[in-house]
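The block underneath contains the structure these notes are about, expressed in structure tokens.
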Amino acid sequence: MDRIVTDRNWARELRAAVLCSVLLLGLVTTIDAANSTLSPARGVLWTGLTLLLYVVLHPPRVTAGPGRLAVRGLLRGGHVCTDLLVSVRRAEGITPRLVLRDALGARVELDPKVLTSNPVLWHRLETGARRARASGLLVAGDAVLRELGDHVDGDGARELLRAAGLEGQAREHGARARRSSPSGD
């Protein structure tokens, strides 16, 4: 149980970012070449645009070990000690983010979908948060963690039912969970 766990979708998302960037470069240079407007300056411009797209699309790599959650992007990264969490909050915006802070002053942001699609990562975070709550450190974020945990558990149950060939029960389980949800979503 002491091994490092990594986001299982990271490699696929990285390949998609590279593919989108390469396809964009190929498309714009082909169009420029077909119109006889491709020059070294335009080639540099298209390459720069492609690199910018890659930087935007590059997925952060999320890993978790015992008592630690790390988020490493292309340009920056950080980690928090999950046993020392003091707050967990949801930052709304174009894409929702989960913001974690620990007692040492460290802070990381990650997409909650990473945790919902990786139950083992979620388990590592939740285990550390439980320890932080028990020691009195976690003062803000219980509701956010509870909501995220319900989402992870619901998705896991539906996935198990689908794998067992009980898809109708999976849909029924999802409908029942939405009806019982206080927010109605």
Side-chain angles (χ1 to χ4, degrees), residues 3-65 68-82 85 87-102 105-126 128 141 144-145 147-149 151-152 154-156 158-160 162-163 167 170-171 174 178 185:
R3 66 185 184 91
I4 302 295
V5 183
T6 304
D7 176 7
R8 63 185 177 188
N9 300 319
W10 182 80
R12 181 177 43 84
E13 291 174 4
L14 182 65
R15 282 190 300 273
V18 169
L19 182 64
C20 286
S21 301
V22 168
L23 286 175
L24 176 66
L25 182 62
L27 179 68
V28 295
T29 54
T30 301
I31 290 171
D32 243 2
N35 290 326
S36 300
T37 56
L38 186 61
S39 66
R42 289 177 70 96
V44 169
L45 173 73
W46 296 136
T47 303
L49 182 66
T50 300
L51 289 174
L52 179 63
L53 177 66
Y54 176 74
V55 168
V56 169
L57 293 179
H58 181 83
R61 185 176 184 119
V62 179
T63 58
R68 177 184 168 120
L69 184 107
V71 179
R72 176 111 8 239
L74 186 63
L75 303 175
R76 65 183 174 148
H79 74 278
V80 291
C81 296
T82 56
L85 285 177
S87 74
V88 178
R89 68 179 177 83
R90 185 180 302 269
E92 299 298 331
I94 294 174
T95 58
R97 311 297 290 167
L98 199 61
V99 181
L100 309 169
R101 288 187 185 276
D102 67 14
R107 174 184 179 271
V108 295
E109 288 186 29
L110 68 143
D111 188 343
K113 289 179 186 176
V114 171
L115 297 173
T116 58
S117 65
N118 292 279
V120 178
L121 280 174
W122 160 249
H123 176 70
R124 291 285 175 96
L125 172 62
E126 200 270 332
V144 173
L145 288 171
E147 180 183 325
L148 190 58
H151 191 68
V152 171
D155 286 352
R158 282 188 293 281
E159 190 175 311
L160 284 174
R162 247 184 249 109
E167 293 181 44
R171 280 191 292 279
R178 281 189 293 281
D185 48 23

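Positions are given from 1 along the sequence. If you're wondering where the values come from, they're calculated on a predicted model, not measured in any experiment. The figures here come from the full heavy-atom set of this structure, side chains too, leaving out hydrogens, waters and symmetry mates.
Distance check: Leu145 CG to Leu98 CG gives 7.0 Å after rounding to the nearest 0.5 Å. Within the model, atoms NE2 of His79 and CZ of Arg72 stand 9.0 Å from one another, a figure rounded to the nearest 0.5 Å. Between Leu115 atom CG and Leu110 atom CG the span is 5.0 Å, to the nearest 0.5 Å. To the nearest 0.5 Å, atoms OG1 (Thr82) and CG (Leu69) are separated by 7.0 Å. Here OG of Ser39 is found 10.0 Å from CH2 of Trp46. Values are rounded to the nearest 0.5 Å. Annotation: the span from Leu53 atom CG to Leu23 atom CG amounts to 10.5 Å, rounded to 0.5 Å.
Smallest separation of non-hydrogen atoms from Arg90 and Pro112: NH1-CG, 3.8 Å. In this structure, Thr6 and Arg61 approach most closely via the heavy-atom pair CG2-NH2, 3.5 Å. What you find for Ala91 and Val99 is that their closest heavy atoms are CB-CG2, 3.9 Å. The two residues Leu38 and Thr29 make their nearest non-hydrogen contact at CD2-O, 4.2 Å. The two atoms that bring Ser117 and Val114 nearest to each other are OG-O, 3.4 Å, heavy atoms only. Heavy-atom minimum distance, Asp111 versus Pro96: OD1-O, 3.9 Å.
Asp7 places a side-chain N or O within 3.5 Å of a backbone atom of Asn9 that can act as its donor or acceptor partner. Remark: the backbone N or O of Val62 is not paired with any side-chain donor or acceptor of Trp10 at under 3.5 angstrom.
At a threshold of 4.5 Å between non-hydrogen side-chain atoms, the residues Leu14 and His58 count as touching. Using a 4.5 Å heavy-atom cutoff, the side chains of Asn35 and Ile31 are in contact. You'll find the side chain of Arg8 reaches within 4.5 Å of the side chain of Pro119, heavy atoms only. Taking 4.5 Å as the limit, every side-chain heavy atom of Glu109 sits out of range of all side-chain heavy atoms of Val71. Counting only heavy atoms from C-beta outward, the side chains of Thr116 and Lys113 approach each other to under 4.5 Å.
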Checklist entry - What's the verdict on side-chain contact (heavy atoms from CB on, under 4.5 Å) for Arg101 and Leu85, showing C-alpha distance, side-chain angles and the deciding distance? => result CA-CA 6 Å; Arg101 288 187 185 276; Leu85 285 177; 6.0 Å; no
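A side chain to side chain contact (heavy atoms under 4.5 Å, CB included) with Leu125 is found for one member of Leu100, Val152, Val88 and no other, namely Leu100.
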